[in-house]
Amino acid sequence: MMNKEIADIFRQIADILEIKDENFFRVRAYRKAAQNIENLTEDLIVLVNEKRLDVPGVGVDLAGKIEELVTTGALKFFEELKKTIPPGLLEIMTIPGIGPKTTKLLFDKLKIDSVSKLEIAAREDKLSSLPGLKEKTQENILQGIELIKQRQGRILLSTALSVAQKILDALKKLKVVEEAVVAGSVRRRKETIHDIDILVTSTKPQTVTDVFTSLPIVKKILAKGDTKSSVIVEGDIQVDLRVVGPESFGAALNYLTGSKAHNIRIRELAKKKGLKINEYGVFREKTNRIVAGKTEHEVYKTVGLCYIEPELREDTGEIEAAADNALPQLVVLTDIKSDLHIHSRWSDGTLSIADMAKAAKAQGYKYMVVSDHSQSLKVAGGLTPKRLKEQIDEIKRLNRSFKDFRILCSAEVDIKSDGSLDFDDDILKELDVVLAAVHSGFKQAKEQLTGRITRAMQNKYVNIIVHPFGRLINERPAYELDFEKILQAACDTNTALEINCYPKRLDLDDIHVKRAKEKGAMLSLGTDSHAQEQLDFMELGVAVARRGWLEKKNLLNCLSSDEFLDKIRKK
DNA sequence: GCCGTTTTCGGCCCGACTGTTTTCAGTCG
């Protein structure tokens, strides 16, 4: 049983308990535990087996439940609890605007136990008979049902970033707007986004809100108040806007950036110091006098912490690290000297190697790795050994024409289903660097897939395992791997693991990156670019690296080409 | 259900918007 599955069970328990109107703090305890479990870098199975189950928010009771889930694969308490309410109620609760109270009311009074029954009842005007529900609510429920029908997975970070930019550009044109920035999970650079949060400072909030809710891309207005409004824009993405005065910018940005768990911890710290933090500022609890709020740095300072980068704000140790002055110096885009995974027209890319090199130089890089596919990957025009040798010759020719740039010869070699490689060693040894990847047999058992990759890592020419989990966000789940074994093998064989920057991949993900750093594994960034503009995906990979607490020294891309080659040749 | 330089019991972050209300509950972030 995976951490994610256990977290999901705890969330379902929380939802059921909430519908049953149990103690809210008990509900919150389950949600909090679920959150912390999801953020763990290690498998609960390992933690339970080694009796190291020491997770914040998990006390004696929940630890027992985790142990039961890990050892038996099920939880009696959960199975019994599920019997007490119809399963459809949990789905009803996912409709925007409907929470536990309404769900319970609908079931108790009208025996509504599924979204489809709710839709019929609303259409037949049966809901307005209930206390507190009138025409408008009924209408909102129908619209909410439409929304969840359209909703498909979470939005990719790359999509959210570009939508956010469009909105910011529009708002920044207004004279009444002082600052306009993106906050929320987009600012934290989560790999997928639920909605986009925008913060604006202005002394004329009404004007800003009016303009925002009437932007051309707005399809529907969900809420519009004095300082806060929500809309659905093209692409069915929810965008929330908050407008505060300039004196509150830092406090509001901190509040709106979250995460929720991080904010709660910061506010608890404030409380212990006799302070209160809200989106308007930091206040003395007794006198209600404002003591900070203009900048985020100020806000953190009042609670005795140094500034914490947005990507770290998940309450996964960053607050303790900030208190100890032990935060990592996170890698930044300008530290990156190379792109370590690029395709050309030789296989399935769209540009010649020369043009890709020109584009990479324009990014400010000193070198790049050309890694076209190997022969088995026929759909992607994989190179035969003969073609690969021709490619190496061309790269050598090109390199002679550069002054301060270098192309490294490589290939993205298939790891075949038995763990052998798609090219023989006598070809691999001709390359500067060898990337290896799984492109088939995703449904194999965990042991087999893990074995394939570890076997590939044993090969002395393989330097980087690229997109190690093979997932495509919202399309294809990661294949099953024993990541601890992969990491151990990576460390033992001096093989690096890639953070693939392709928007749908972002693989390794942030949590695995953080674990890899803890274990001291080498990591690399590669955009997997097949076209010029895709080189910009590097920004997304850097975001994952930052969320995984990486510093400059943890990434091969921050080395010069000589240092890089020295390092990988130590294998 | 968790947790502890105020504590092993009694707290648990804080505020905006909506729709229904005559002052607030429910929902959301």
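Just so you know, these numbers use all the heavy atoms, side chains as well, and skip hydrogens, waters and symmetry mates.
Electrostatic pairing of A:Arg547 and A:Glu314 counts as a salt bridge here, judged by a charged N lying under 4.0 Å from a carboxylate O. For A:Lys173 and A:Asp169, the salt-bridge test fails: no basic side-chain N is under 4.0 Å from an acidic carboxylate O.
Rounding to whole angstrom units, CG of residue A:Leu275 and C1' of B:dC13 are separated by 14 Å. Between the CG atom of A:Leu17 and the C1' atom of B:dG1 there is a distance of 10 Å, given to the nearest Å.
Figure legend. B:dT8 is base-paired to no nucleotide; pairs are counted as Watson-Crick or G-U wobble with both atom distances under 3.5 Å.
If you take atom C1' in B:dG10 and the same atom in B:dT21, they sit 33 Å apart, rounded to whole Å. Spacing between B:dG1 and B:dT6 at atom P, rounded to whole Å, works out to 28 Å. Between B:dC12 and B:dT5, the distance separating the two P atoms is 16 Å to the nearest Å. The C1' atoms of B:dT20 and B:dT27 are separated by 14 Å, rounded to the nearest whole Å. Here, B:dC13 and B:dC3 have their P atoms 14 Å apart, quoted to the whole Å. Taking atom P in both B:dT22 and B:dA16, one finds a spacing of 23 Å when rounded to whole Å.
For A:Asn140 and B:dG19, a side-chain-to-base donor-acceptor distance below 3.5 Å is absent, hydrogens and geometry of angles not being considered.
For A:Tyr30, counting side-chain heavy atoms from C-beta on, the closest listed nucleotide (B:dC14, B:dG1, B:dT18) is B:dG1. For A:Lys276, counting side-chain heavy atoms from C-beta on, the closest listed nucleotide (B:dC12, B:dC17, B:dG15) is B:dG15.
Heavy atoms only, all atoms of each residue included: A:Lys273 and A:Gly304 are closest at CE-N, 4.1 Å.
Between A:Thr257 and the choices A:Arg188, A:Arg187, A:His262, the side chain to side chain donor-acceptor pair (under 3.5 Å) rule is met once, by A:Arg187.
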Inset, instruction - Sugar-phosphate means primed atoms, P, OP1 and OP2; the rest is base. With that split, encode nucleotides 20-29 of chain B 5' to 3' as B, S or - using protein heavy atoms under 4.0 Å. - result: SS----SSSB
Inset, instruction - Starting from the C-alpha separation in whole Å, work towards a yes-or-no answer on side-chain contact (heavy atoms from CB on, under 4.5 Å) for A:Leu156 and A:Ile473. - result: CA-CA 8 Å; A:Leu156 295 180; A:Ile473 298 172; 3.7 Å; yes
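Between A:Asn263 and the phosphate of B:dC13, there is no side-chain N or O to OP1/OP2 separation shorter than 4.0 Å.
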